[in-house]
Amino acid sequence: MAMWGGRFGSGTDKDMQDFSESISFDKRLYKYDIQGSKAHAAMLAAQGIIPQTTAQKIIEGLEIVQKNIESGDFTFCAELEDIHMHIEKALTEAIGEDGARVHTARSRNDQVALDIRLYLRDEISLISNMIRDFQRAMLSQCEANPETIMPGFTHLQHAQPVLFAHHLLAYIEMFERDLGRLADCRKRLNLMPLGSGAIAGTTLPVNRETVCKLLNFDGITQNSMDAVADRDFAIELVAALAVFAMHVSRLSEDLILWCSQEFDFIEFDDAFTTGSSLMPQKKNPDVAELSRGKTARIYGDLTALLTLCKGLPLTYNRDLQEDKEPLFDAIDTVIKILKVYPPMIASMKIHPQRMLEAASDPSLMATDLADELVKLGMPFRTAHHRVGSLVKWCHDHGKGLNRLTLEEMRITIPEALDFFLELFDPAVSIAKREITGATGFKTVRSRIDYWLETLE
Ligand code: ARG
């Protein structure tokens, strides 16, 4: 007979049990369920709701149950539905009748809300630390190649020369915002829901603040109906993970292009590539491709959670049990990505010569010439038009911008000065961009130094 079986005549159908169980996936919450029950029992005793000796037995019993689960000496079964009932049952088996007092003034509705919040606090700090390592791996490449020049792209067309480090630092900035979203999410989820009961709170004189302090929460939830129905924190976390995965996916796309034969800017270490079962010459960027692919399933997880909640009347509905698999999947997937990506980045080889060659097309510096005309007092639109005419002249005469004589340049730009002829060097172009946020050598160097200090 199930633990809630009092008003039931017969046991549940076997297929029904398999259909409704969550133990196969919520067993990962065991530690948090036990942690929450220990705090709850201590509070019940402090309030005189159960005897002190009973609370002590419950706490010791829960410790035995935890040991048994961790040593593999524990049987999970669909009949006991979920992790909460498994632990309560095992507790009662371990300490007898006193175990039946742990669920005083508590429902699985507020219990599961508590467990998920406790669990997510740990996962958020794990993932945040791993994202920090990712930033460090990116930074190690910046440090190794602080002055390497590559073409920057808009519309996937050569646009202007940039530093390779500047490109990588862009991702470090994105990851920093991702960390901010995770911290923000943690702040909002760090409220203690126990005491909400099934929906309406409890008639027993519990002290929610005590449990809050024991479990290190910032405060307690203020509406019992909201507290048992709320899954915003799960949605927020998966949304933050989806944005992070989107960033990784964009990085993947860059890297996949860069290691192609057409670009040939980078090469991955053998440890992070695979071959083709058919074409012996192939070396494929699977980590980047799979990360791009796995981003799709994280979006799926987010969509599942949003859709799960959108039609639910207050308060708890069993549908909410379906929150766990997408939530766990998004977390597991991000952790998998975070295990392989940083070492792949740290071990990749770069081809600075190839990057420089690609950035050396003089037309990438056309804007720099227009800027010089602006410095002489010409309106930018006019300067843009003049340089455009020069580019056309060069094209018609089969001559590179960097091969012009001053006389030739003056055909379309009478104002041209001697030093304009030297503008068509990517290093010159980069050296001129020393405003905050730009790709100048000094500016990028100081940003690298900033991150070195921050990521210390
Ligand atoms: N396994 C359930 C879940 O994950 C726990 C809460 C069940 N509550 C209930 N009244 N059946 O949502």
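All figures in this text were calculated on a predicted structure; none of them were measured in a lab. Indexing begins at 1, ligand by ligand and atom by atom, following the structure's order.
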Exercise for the section: May I ask whether Q111 has any heavy atom positioned less than 4.0 angstrom from an atom of ligand 1? Expected result: no
Exercise for the section: Say whether H84, considering both its backbone and side-chain N or O atoms, lies within less than 3.5 Å of an N or O atom on ligand 1. Expected result: no
Practice task
Pick, from E322, R108, Q321, E21, the option with the minimum heavy-atom distance to atom 2 (C) of ligand 1.
Solution key: Q321
Exercise for the section: Give yes or no for whether the N/O distance cutoff of 3.5 Å, strictly under, is met between K324 and ligand 1. Expected result: yes
Practice task
For the residue pair H86 and D33, confirm or rule out a side-chain donor-acceptor distance under 3.5 Å.
Solution key: no
Practice task
Decide whether an N or O pair under 3.5 Å exists between D82 and ligand 1.
Solution key: yes
Completion exercise
So the atoms of ligand 1 within less than 4.0 Å of a heavy atom of S22 turn out to be 1 (N)
Exercise for the section: Verify the distance criterion only: is there a donor paired with an acceptor across the side chains of H103 and R106 at less than 3.5 Å? Expected result: yes
Exercise for the section: Quick one: sort the F328 and Y119 rings into parallel, tilted or perpendicular, breaks at 30° and 60°. Expected result: perpendicular
Fill in the blank from the handout: Numbered in order shown, the ligand 1 atoms found under 4.0 Å of a heavy atom of N109 are 8 (N), 9 (C), 10 (N)
Exercise for the section: Would you check the N or O atoms of E81, main chain and side chain alike, for any that come under 3.5 Å of an N or O of ligand 1? Expected result: no
Problem - Minimum-distance protein heavy atom relative to atom 6 (C) of ligand 1 - result: Y316 OH, 3.4 Å
Practice task
Would you tell me whether D361 and H158 have side-chain atoms, one donor and one acceptor, within less than 3.5 Å of each other?
Solution key: no
Exercise for the section: Say whether R132 and Q135, considering side chains only, have a donor N or O and an acceptor N or O under 3.5 Å apart. Expected result: yes
Completion exercise
Closest non-hydrogen atoms of C77 and I23, given as atom of the first, atom of the second and distance, are O-CG2, 3.8 Å
Exercise for the section: Verify, without hydrogens or angle tests, whether T439 (side chain) and L163 (backbone) share a donor-acceptor contact under 3.5 angstrom. Expected result: yes
